[in-house]
2 protein chains.
Amino acid sequence: MLLYVDLTDGRPVYQQLRDQVVEGIATGAIAEGERLPTIRQLAADLAINFHTVARAYDLLRQEGFVQVGRRNGASICVRGEAASPEWRAALRTTLAHAYAKGMASEEILRICREILATFQKGGTSSETTLA
Amino acid sequence: MLLYVDLTDGRPVYQQLRDQVVEGIATGAIAEGERLPTIRQLAADLAINFHTVARAYDLLRQEGFVQVGRRNGASICVRGEAASPEWRAALRTTLAHAYAKGMASEEILRICREILATFQKGGTSSETTLA
DNA sequence: GCGAAAGATCTATAACAGATATAACAATTG
DNA sequence: CAATTGTTATATCTGTTATAGATCTTTCGC
């Protein structure tokens with residue numbers, strides 16, 4: 001799957017990579033058991049330090065999205081609970097943002113459905129993430 | 001409205017305060033036109049530096065949630081668009097997290113509805129311009 | 001109007017996080 | 001075995017977060 005780094009984005013690089021992989025799993029761009037590039041390879045491709053990639057992979061492992069082999073690169077291996085308290089809190093804050101701005105619940109839900117439709121069941125696996 | 005600081009939370013204090021105010025607007029805990037504590041007062045109450053509170057208020061002002069008077073403290077004053085590209089991206093990442101963990105779209109939407117149900121119903125008089 | 005209170009601004013500092021750069025080690029693949 | 005890869009460790013640099021104190025300006029209550 002295609003991974004990239006947006007230097008204009010204020011968020012940390014390891015967080016950007018983490019989000020791209022999670023969205024890649026959701027859209028089906030990368031499936032269970034498939035491999036990500038090796039740490040050193042991805043670091044070379046993106047022209048960043050391999051520690052930064054290692055940190056992203058380590059975060060994905062801690063969150064239960066991948067397992068990191070000794071020489072095989074990281075492979076997708078989803079495990080653990082879906083709805084953690086932290087996840088619910090983040091979702092609540094995001095929904096509150098739109099609601100506080102005056103958006104109706106029905107409109108918010110419509111956008112949620114729209115986004116969910118771009119995931120695995122909705123579209124083909126050739127979906128790409130947008131900036 | 002009651003504001004607090006969680007030192008065990010890894011997120012920045014100014015971000016915690018910002019999120020609490022946004023959720024407070026959504027739930028109706030604080031309404032349009034109502035005032036937040038003054039910067040110095042809130043800093044004293046929470047035993048934190050007033051610069052940190054000032055940063056939270058400034059962020060809320062930039063995001064279009066409050067206006068900061070010269071002596072009155074900050075008052076709720078919502079303006080601007082609800083669904084920015086950044087907001088949609090954050091929502092997409094959060095939804096992808098649950099979807100990638102195997103949660104069904106219907107279950108995700110159910111939780112969204114559950115959260116939205118805890119927000120303010122109907123809205124105040126200045127909620128919408130259309131009848 | 002006067003003075004106190006509050007926001008705004010500025011500088012300084014300490015602690016922490018993010019990212020880079022090397023180096024060395026362990027394990028596994030071919 | 002040898003090369004590749006993940007892991008670990010150290011060091012450095014930068015930016016962010018938070019605190020601290022000082023000063024200025026505005027504005028509200030008296």
Side-chain angles (χ1 to χ4, degrees), chain A residues 1 3-22 30 33-77 86 90 93, chain B residues 1 3-22 30 33-77 86 90 93:
Chain A
M1 81 176 277
L3 294 169
Y4 61 93
V5 170
D6 182 5
L7 296 175
T8 71
D9 192 336
R11 288 152 52 223
V13 174
Y14 78 93
Q15 189 82 41
Q16 294 182 32
L17 295 177
R18 176 267 181 198
D19 289 350
Q20 288 173 40
V21 171
V22 171
I30 186 165
E34 287 185 4
R35 286 180 188 172
L36 291 167
T38 65
I39 289 179
R40 284 175 157 89
Q41 182 62 49
L42 183 55
D45 291 347
L46 300 180
I48 60 178
N49 193 274
F50 74 92
H51 286 112
T52 305
V53 179
R55 182 165 186 180
Y57 280 19
D58 192 58
L59 178 58
L60 285 164
R61 182 170 53 80
Q62 285 180 11
E63 291 185 319
F65 288 111
V66 306
Q67 64 180 5
V68 186
R70 194 59 180 179
R71 190 186 158 85
N72 295 335
S75 58
I76 305 299
C77 172
E86 296 79 17
T93 300
Chain B
M1 83 174 278
L3 294 169
Y4 61 91
V5 170
D6 181 6
L7 296 175
T8 69
D9 192 336
R11 288 151 54 223
V13 174
Y14 78 93
Q15 189 80 41
Q16 294 182 34
L17 295 177
R18 176 267 180 197
D19 289 350
Q20 288 171 42
V21 172
V22 171
I30 187 165
E34 286 186 3
R35 286 179 188 172
L36 291 167
T38 65
I39 290 179
R40 284 175 158 85
Q41 184 62 52
L42 183 55
D45 291 346
L46 300 179
I48 59 177
N49 193 273
F50 74 91
H51 286 111
T52 304
V53 179
R55 181 164 188 181
Y57 280 20
D58 192 60
L59 178 59
L60 284 164
R61 183 174 53 78
Q62 286 181 9
E63 291 185 319
F65 287 112
V66 306
Q67 64 180 3
V68 186
R70 195 59 179 181
R71 192 185 156 85
N72 297 335
S75 58
I76 304 299
C77 171
E86 295 79 16
T93 299

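What you see below is based on every heavy atom in this structure, not just the backbone, and it leaves out hydrogens, waters and symmetry mates. Convention: sequence-line order gives letters A, B, ...; per-chain numbering from 1.
Sequence order on DNA chain C of the closest nucleotides to R40(A) and G69(B) puts G69(B) first from the 5' end. Nearer to the 5' terminus of DNA chain C, by closest-nucleotide assignment, is the contact made by G73(B) (compared with the other of A47(A) and G73(B)).
With hydrogens and angles ignored, a donor-acceptor pair under 3.5 angstrom links the side chain of H51(A) to the base of dT8(D).
Rounded to the nearest 0.5 Å, atoms CG (D58(B)) and CZ (R61(B)) are 4.5 Å apart.
Atoms CG (N49(B)) and P (dA22(D)) sit 13 Å apart, rounded to a whole Å. Between I39(B) atom CD1 and dT25(D) atom C1' there is a gap of 14 Å when expressed in whole angstrom units. Atoms OH (Y14(B)) and C1' (dT19(D)) sit 16 Å apart, rounded to a whole Å. Atom CG of D9(B) and atom P of dA18(D) are 11 Å apart (whole Å). The CD1 atom of I48(B) sits 12 Å away from the C1' atom of dT17(D) (whole-angstrom rounding). Regarding L42(A), its CG atom lies at a distance of 14 Å from the C1' atom of dT5(D), rounded to whole Å.
The side chain to side chain donor-acceptor pair (under 3.5 Å) search around Q20(B) returns none, not counting sequence neighbours.
Panel note: side chain Q16(A), backbone Y4(A); no donor-acceptor pair is recorded below 3.5 Å.
Counted within 6.0 Å of CZ on R11(A), heavy atoms from surrounding residues, nucleotides or ligands total more than 12; the atom is thus considered enclosed.
Checking the phosphate oxygens (OP1, OP2) of dG6(D), no side-chain nitrogen or oxygen of Y57(A) falls inside 4.0 Å.
With dG21(D), dT17(D), dT8(D) as the candidates, the nucleotide lying closest to the side chain of F50(B) is dG21(D).
Inter-residue side-chain proximity for V21(B) and L3(B) is flagged as met; some heavy-atom pair is nearer than 4.5 Å. With a 4.5 Å cut-off on side-chain heavy atoms, I76(B) and F65(B) do not count as touching. At a threshold of 4.5 Å between non-hydrogen side-chain atoms, the residues V22(B) and L60(B) count as touching.
Of all nucleotides in DNA chain C having an atom under 4.0 Å from a heavy atom of chain A, the first and last in 5' to 3' order are dG18(C) to dT29(C).
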